[in-house]
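Step one of this worksheet: look at the structure below.
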Amino acid sequence: MTALATTDRLFFERADAALDRAQAERRLATALGGSDDGELFLEYRESEHLSLDDGRIRSAGFDTAFGFGLRAVAGEATGYAHAGEISDAALARACASVAAVASGHSGIASEPPRATNARLYTDANPLVATEFPARAALLAEIDAYARGKDARVVQVMASLAGEFQAVQILRSDGARVADLRPLVRLNVSVVVEKDGRRETGSFGTGGRHGYAPLTTPAAWRGAVDEALRQALVNLDSRPAPAGEMEVVLGPGWPGILLHEAIGHGLEGDFNRKKTSAFAGLLGQRIASPGVTVVDDGTIPDRRGSLTVDDEGTPSGRTVLIEDGVLAGFMQDRLNARLMGVRPTGNGRRQSYAHAPMPRMTNTVMLGGAHAPEEMIRSVKRGLYAVNFGGGQVDITSGKFVFSASEAYLIEDGKVGAPVKGATLIGNGPDALTKVTMVGNDMALDPGVGTCGKNGQGVPVGVGQPTLKLAGLTVGGTAA
């Protein structure tokens, strides 16, 4: 069954359906008359979570969401209304509300998104594949395995989360697009203790697929092993030094720094409004030669991938920086129209209760020619940052502060002692010019990213090879 047929059954053909599709299309055509753009976004979502702490189920929940968002766009103005029910009465009220934005406006409706036959992930609902008791038993098995691995383990936390989202997007010109989106995630945290000192290590993995890839013994044991490894590394860490020094970033998840410090500044709305540090620099060199960054929503089964975005545009692979030169921005339909370019499939929203805006999908720096060992050998004294925790970024200036959850000193070209409390301080545009070596080991993150913007959170992916940066400021805790 196609995604359109499945979502028709959810929204229009249920025994208790309160909205007729033909009537919805008539109301939509009237409400959006004179508008430049707009759509009716229908959503059904099931989500669940299950967490265990110290051998006991700490929390469990299951939730469903069912509703619509209606948008009318006239020039730069947007009218948006939403409801937590899908009925003709609710749609009529929403139509009356959003129609006001186009009052007196005689726009020409934008062309509908092009159709796509691509499917980047399964249509199956992961929440019905296994029973709840089986998932609870798996978390208990994770707890037992972690404690059996090392006597220093004093606490284990594990969680499974999954969701299934079905969306259909209707336009006033009769175009319809649908998508069925699975999403799952496994997280493990381990606390170890030695001589009164406690440290934590964490690892998570997930993607747009069922639970099966996460619940094989090889997968969940690998997650436990990595969380335990990080905890034991931190147990032997010493305070990080401070000062300006060379920094080597590891592959994969450290791309979160790229996402936050650079990626947001390459979203269309910030550049159209000239609030980005990259505004007005299209076609100019903004990074070192060899730096190529893409936003790619077409990677199969990845957390940030989308068959179509939340406006119905097929996801794409957008080159943002090519060999150091600013090549493009991520666009939703509204900003693309106002900037005179094509949408790139980056119109995203958290749910039916939110209007779409340009957002990242999987933001990745492509690999280069250098071996990671070569980069380490080239550093006299510096920091090797393998994993990151939280951080803060100012979009307008590009300034960032990121904390490293796993880092090591580099001394005389060799990786030395692990350090704790290291932070990287700088700004995105400046950091791009300080990349001196790009590794040949590009890797994607394990599938755990969530991006926040204007109060909305959406799943995303990141990736990068090992990178060497010159002259980055490191904040430390060493006396």
Side-chain angles (χ1 to χ4, degrees), residues 49-60 133-161 184-207 211-240 248-254 256 372 376 383-390 403-411 414-422 443 445-448 466 476-478:
H49 73 274
L50 178 65
S51 65
L52 175 142
D53 188 351
D54 266 350
R56 296 182 179 182
I57 297 298
R58 180 178 62 185
S59 64
R135 293 197 275 278
L138 173 65
L139 296 184
E141 197 170 357
I142 287 173
D143 180 271
Y145 176 77
R147 293 177 186 279
K149 288 282 291 186
D150 196 296
R152 290 168 288 184
V153 173
V154 295
Q155 186 176 7
V156 179
M157 294 157 283
S159 64
L160 275 170
V184 295
R185 178 170 170 171
L186 168 68
N187 277 86
V188 179
S189 292
V190 175
V191 180
V192 296
E193 182 177 13
K194 179 183 178 182
D195 299 331
R197 177 178 176 178
R198 289 193 171 196
E199 295 291 347
T200 302
S202 300
F203 184 77
T205 182
Y211 279 121
L214 308 183
T215 56
T216 64
W220 64 259
R221 287 175 184 168
V224 173
D225 291 347
E226 176 59 18
L228 178 58
R229 184 196 67 80
Q230 290 186 30
L232 295 176
V233 166
N234 288 330
L235 199 60
D236 291 330
S237 64
R238 65 195 200 193
V248 177
L249 303 178
W253 179 244
I256 190 64
I376 298 294
L383 186 77
Y384 180 35
V386 179
N387 279 299
F388 282 98
S403 60
S405 58
E406 181 184 357
Y408 303 84
L409 286 176
I410 304 175
E411 297 177 300
K414 296 180 180 180
V415 176
V419 294
K420 184 178 181 181
D445 77 284
V448 295
T466 300
T477 54

Run R229 and E406 through salt bridge (charged side-chain N to carboxylate O under 4.0 Å, His left out) and show every step you take. CA-CA 10 Å; R229 184 196 67 80; E406 181 184 357; 2.9 Å; yes
Test side chain to side chain contact (heavy atoms under 4.5 Å, CB included) applied to V386 and Q230, step by step: CA-CA 10 Å; V386 179; Q230 290 186 30; over 6 Å; no
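- Counting heavy atoms from C-beta on, the side chains of H49 and S59 come closer than 4.5 Å.
- Here the shortest heavy-atom pairing between R147 and V154 reads NH1-O, 3.8 Å.
- Of the inter-residue distances, the one linking F388 atom CZ with D445 atom CG reads 13.5 Å to the nearest 0.5 angstrom.
- The closest side-chain donor-acceptor pair between S202 and S189 falls under 3.5 angstrom.
- When side chains are defined from C-beta on, R152 counts as touching L232, because their heavy atoms get closer than 4.5 Å.
- For the atom pair CD (E193) and CD (Q155), the distance works out to 11.0 Å, reported to the nearest 0.5 Å.
- Closest approach of A231 and G201 over heavy atoms only: CB-N, 3.4 Å.
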Check step by step if salt bridge (charged side-chain N to carboxylate O under 4.0 Å, His left out) holds for R221 and D225. CA-CA 6 Å; R221 287 175 184 168; D225 291 347; over 6 Å; no
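- Between the side chain of W253 and the backbone N or O of P446 there is no donor-acceptor pair closer than 3.5 Å.
- Contact annotation: the side chain of D150 never approaches that of V192 to less than 4.5 Å [non-hydrogen atoms, C-beta and beyond].
- Here L139 contributes atom CG and L186 contributes atom CG; the two are 7.5 Å apart, rounded to the nearest 0.5 Å.
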If you apply the rule side chain to side chain contact (heavy atoms under 4.5 Å, CB included), what do you find for T466 with V248, and how did you get there? CA-CA 7 Å; T466 300; V248 177; 3.5 Å; yes
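- Note that CG of L214 is 11.0 Å distant from CZ of R135, once rounded to the nearest 0.5 Å.
- Atom-to-atom distance recorded for R185:CZ and L160:CG is 11.5 Å, nearest 0.5 angstrom.
- Between V190 and A146 the shortest heavy-atom distance is CG2-CB, 4.5 Å.
- Among all heavy-atom pairs drawn from V188 and A223, the shortest one is CG2-CB, 4.2 Å.
- Closest non-hydrogen pair, A407 versus A404, comes out as CB-CB, 4.0 Å.
- Rounded to the nearest 0.5 angstrom, I376 CD1 and E411 CD are separated by 12.0 Å.
- Between L50 and A60, the shortest heavy-atom contact is CD1-CB, 3.7 Å.
- Although no hydrogens or angles enter the test, the distance criterion places no donor-acceptor pair under 3.5 Å between the side chain of N387 and the main chain of S405.
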Test salt bridge (charged side-chain N to carboxylate O under 4.0 Å, His left out) applied to D236 and R197, step by step: CA-CA 10 Å; D236 291 330; R197 177 178 176 178; over 6 Å; no
